[in-house]
Peer 1: 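This is the structure I want to talk about, given as structure tokens.
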2 protein chains.
Amino acid sequence: MDALFAAQQKLMPEMSELLKKRYQILQTISLEQPIGRRTLCEVAGATEREIRKETDLLRNQQLIQMKTAGMTVTSQGTEVLDKLKVFVREISGLTDMEVQLQAILGISKVVILPQDSDEIPAVKSHIGKEAARLLEGLFTRYKKIAVTGGSTMAAISKELSNGKPDRALQFIAARGGLGEDVLHQANTIAAAFAEKTGGSFKTLYLPDHLSAEAFEMMMKEPVIKEMMDLYDQTDVVVHGIGNAEEMAVRRHSSLEEVEKIRSGGAISEAFGYYFDKDGKIVYRIRTAGIQLKQVQKASTILAVAGGGSKARAILSYFKNAPNPTVLVTDEGAARKIIELIKKLEEY
Amino acid sequence: MDALFAAQQKLMPEMSELLKKRYQILQTISLEQPIGRRTLCEVAGATEREIRKETDLLRNQQLIQMKTAGMTVTSQGTEVLDKLKVFVREISGLTDMEVQLQAILGISKVVILPQDSDEIPAVKSHIGKEAARLLEGLFTRYKKIAVTGGSTMAAISKELSNGKPDRALQFIAARGGLGEDVLHQANTIAAAFAEKTGGSFKTLYLPDHLSAEAFEMMMKEPVIKEMMDLYDQTDVVVHGIGNAEEMAVRRHSSLEEVEKIRSGGAISEAFGYYFDKDGKIVYRIRTAGIQLKQVQKASTILAVAGGGSKARAILSYFKNAPNPTVLVTDEGAARKIIELIKKLEEY
DNA sequence: TCTAGCTGGACGTTTTTTGTCCCATTAAAT
DNA sequence: ATTTAATGGGACAAAAAACGTCCAGCTAGA
């Protein structure tokens, strides 16, 4: 970092935290605008008084404006956001952590966003936005994109900008699961991606859990076979990473399954596969969906997951993750991962 | 200024004041070390609590250390002072003001130091230090230096660093006045300069006010004549600028003299000359001392004066000041001068 | 027309800051 | 050797600021 900034922080140590806090608030407003005070409190994880104090200041500084519909960021505000982006990352030590994580996880690129999405819901949007930007950067080269479900994936779809539509883009639901909340399943996400980008989408309506016979039968259906072929041609895979047990519960897995997952020591889950602490596959849902081999064949894989609670899962999944994977995560998860690694090294 | 800093200040407007305050405290400690809390309060013009709060912070930041003898600046502290020097000047708008003043006063160089020496006594030391540094820069080229009296000049002598002694340096008392406080008269100052730099000094012990006859008589004395010759060879003149009336009072001038000064509309005083608002000479003390013509012949002239109360005097003196003059002043005086000029322009 | 969500005002209750002592200690001066 | 004047640190009541929390009035959109 610049020596001048170092000196500045030496003389004003409180500056760092203050800057981060205000930046985060301003950024959240920018993302959710127009947004009211109360709503902002919840989404930014702060008390009403605090939000009020800061937003009053931001208004006096002409960085935001307050209308009856809610608060909006002014042009000056977006400019400030833009100018300070790198700086905030720097003083949060995010750049350093990104390099560390790249080494730890053995992948070529990690993007870390400030704060912890477990504590501050708005961080999920920030992650979504960053992932959306990265994904958009791939659109010119790659057109066949497989997407999974989950709230993180939903956040990405929200942040995809409706730029010039690209009809060639094709979003493929990576799994046919109906176990989850409709808004967060792969099918819905694929549709949302397609709508935002002007592309098309392919869905797969099949329950996650099928008996062996039913499964075999279905796989012979032309509609399903077609999807299987698409998976083979996939250029990009975008997926979240979940905690094994949480996912099992959310999917209403049978007791038998839960037992397998538990006894196998499963920690993480991604596109229907359960991994243990060494990244070995413990169990996979018998479902129509993308296969691990097919994922590994993709040119680029975008793994998106944030929050301290996801740290162990991320670490587990990346033990054997394909090399071209890019991870988008947040500070909370990143710090926890580094902490876990340090503890491991001590023993 | 850098766009990044502008954005930073937009988001944290309180930063600017805070930085200036802490910097000033740290700088004062650096200048007066070792210094105790109480003493620092007086010299920095702040309450005990405030000083205490800030010094506690500075200590936690390892910029100063507290011993029983007083507070001292650590090596980190001096480094921070050094790094932030330009920055503090920038955010105080001093650089801008310097350019403005150069134009207003019609001279080539102005140096402005933060704060107002009327309010904060320590600022006088800062002015002294800056003037001392400038003067030291001239030592290699110029050896014959005429100095006047006054508390400002005394401040310079205090801040002259005892670097490698230069026996060739010669400090000449510009006037022989005995009217003032001994510590602040030209003779004492010349001696102090010489002691700090390892040079020699020439003094002139003659009362300021002499009858015409006595004056003529004395001028024929060889000791005096020698001084007069020295004035002709002077390379550098360092002088303060005073308020006319204040000086008259301090010098215990006769009623007759005071009347002349008053009726002439004298505003400023420098090396025994009194100037009115247009820079015209209203009166001069009949004394053995450097002549205005001799001052004008010098290669460099260093005028040093600070504090809002000196603004009018500075403006008055510089109406006709020699071009190669360099002015060292403070923010208080500078702002007041610019304010006065603005008012003048309005009418 | 109605309702949900927005801002701005208000106010009692903490929490922090502030002003002001005194005290033991130490280094210098007598 | 003794005094003196300065130092940092501790303490505490008073003042000020910050905080949590409510309500009123308004506006945009359903």
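Proteins get letters first, then strands, A, B, ... in listed order; numbering begins at 1 in each.
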Peer 1: Between atom CD in Q65(A) and atom P in dC6(C), what is the gap in whole Å?
Peer 2: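 Between P of dC6(C) and CD of Q65(A): 16 Å.
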Peer 1: Compare the minimum distances between each of dA11(D), dT7(C), dG20(D) and the side chain of T47(A), then state the nucleotide with the smallest one.
Peer 2: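 Nearest listed nucleotide: dG20(D).
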Peer 1: For the side chain of K53(A), starting at C-beta, report the closest nucleotide among dG8(C), dG8(D), dC19(D).
Peer 2: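 Closest of the options to the side chain of K53(A): dC19(D).
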Peer 1: What is the separation between atom CD1 on I35(A) and atom P on dA28(D), rounded to the nearest whole Å?
Peer 2: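 Checked: the CD1 to P distance equals 19 Å.
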Peer 1: Would you classify E48(B) as touching base, sugar-phosphate or nothing, given that sugar-phosphate means primed atoms plus P, OP1 and OP2, and contacts are heavy atoms under 4.0 Å?
Peer 2: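 Base, at least one base atom sits under 4.0 Å.
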Peer 1: What is the distance, to the nearest angstrom, from the CG atom on L57(A) to the C1' atom on dA18(D)?
Peer 2: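 Answer to the nearest Å: 15 Å.
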Peer 1: Classify the side chain of R37(A) versus the base of dG8(C) as yes if they form a donor-acceptor pair under 3.5 Å and no if they do not.
Peer 2: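 Answer is yes: a donor-acceptor pair is held.
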Peer 1: Determine whether a donor-acceptor pair (N or O, by modelled atom type, separation under 3.5 Å) exists between the side chain of S157(A) and the backbone of A154(A).
Peer 2: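 Looks like yes, one N/O pair under 3.5 Å.
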Peer 1: Which heavy atom in L40(A) sits nearest to a heavy atom in T28(A), and how many Å separate them?
Peer 2: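 Closest approach of L40(A) to T28(A): CD1-CG2, 3.8 Å.
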Peer 1: Round to the nearest Å and state the distance from L40(A) atom CG to dG8(C) atom P.
Peer 2: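 The distance from CG of L40(A) to P of dG8(C) comes to 14 Å, rounded to the nearest Å.
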Peer 1: How long is the line joining CZ of R49(B) and P of dT20(C), in whole Å?
Peer 2: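 Rounding to the nearest Å, CZ of R49(B) and P of dT20(C) are 12 Å apart.
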Peer 1: Which nucleotide, dA10(C), dT7(C), dT26(C), lies nearest any side-chain atom of T68(B)?
Peer 2: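 Output: dT26(C).
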Peer 1: Name the nucleic acid region contacted by I51(B), choosing base, sugar-phosphate or nothing; use a 4.0 angstrom heavy-atom cut-off, strictly under.
Peer 2: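 Nothing, no nucleic acid heavy atom in range.
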Peer 1: Is a donor-acceptor pair below 3.5 Å formed from side chain R52(A) to base dG9(C), judging by atom type as modelled?
Peer 2: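 Indeed there is one.
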Peer 1: Take atom CE of M71(A) and atom P of dA28(D), then tell me their distance rounded to the nearest Å.
Peer 2: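 Rounded to the whole Å, the gap is 17 Å.
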Peer 1: Could you give the NZ-to-C1' distance, from K67(A) to dA28(D), as a whole number of Å?
Peer 2: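 Interatomic distance, NZ of K67(A) to C1' of dA28(D): 12 Å.
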Peer 1: Are K20(A) and E17(A) within salt-bridge range, i.e. N to O under 4.0 Å?
Peer 2: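 Yes.
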Peer 1: Rounded to whole Å, please give me the gap between CD in E14(A) and P in dT16(C).
Peer 2: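 Interatomic distance, CD of E14(A) to P of dT16(C): 15 Å.
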Peer 1: Report the nucleotide, chosen from dG20(D), dG8(D), dT20(C), that has the shortest atom-to-atom distance to any side-chain atom of M66(B).
Peer 2: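 Looking only at side-chain atoms, M66(B) lies closest to dG8(D).
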Peer 1: Assess the pair Y23(A) and F87(A): is the distance between their ring centroids shorter than 6.0 Å?
Peer 2: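 Ring-ring flag for Y23(A)/F87(A): false, centres at least 6.0 Å apart.
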Peer 1: Taking only side-chain N and O atoms of T39(A), does any of them lie within less than 4.0 angstrom of OP1 or OP2 on dC6(C)?
Peer 2: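 Yes, because at least one side-chain N or O of T39(A) sits under 4.0 Å from OP1 or OP2 of dC6(C).
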Peer 1: Run F201(B) and N187(B) through side-chain contact (heavy atoms from CB on, under 4.5 Å) and show every step you take.
Peer 2: CA-CA 9 Å; F201(B) 64 97; N187(B) 289 320; over 6 Å; no
Peer 1: Picking from dT21(D), dC22(C), dT18(C), which would you name as closest to the side chain of R38(B)?
Peer 2: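 Looking only at side-chain atoms, R38(B) lies closest to dC22(C).
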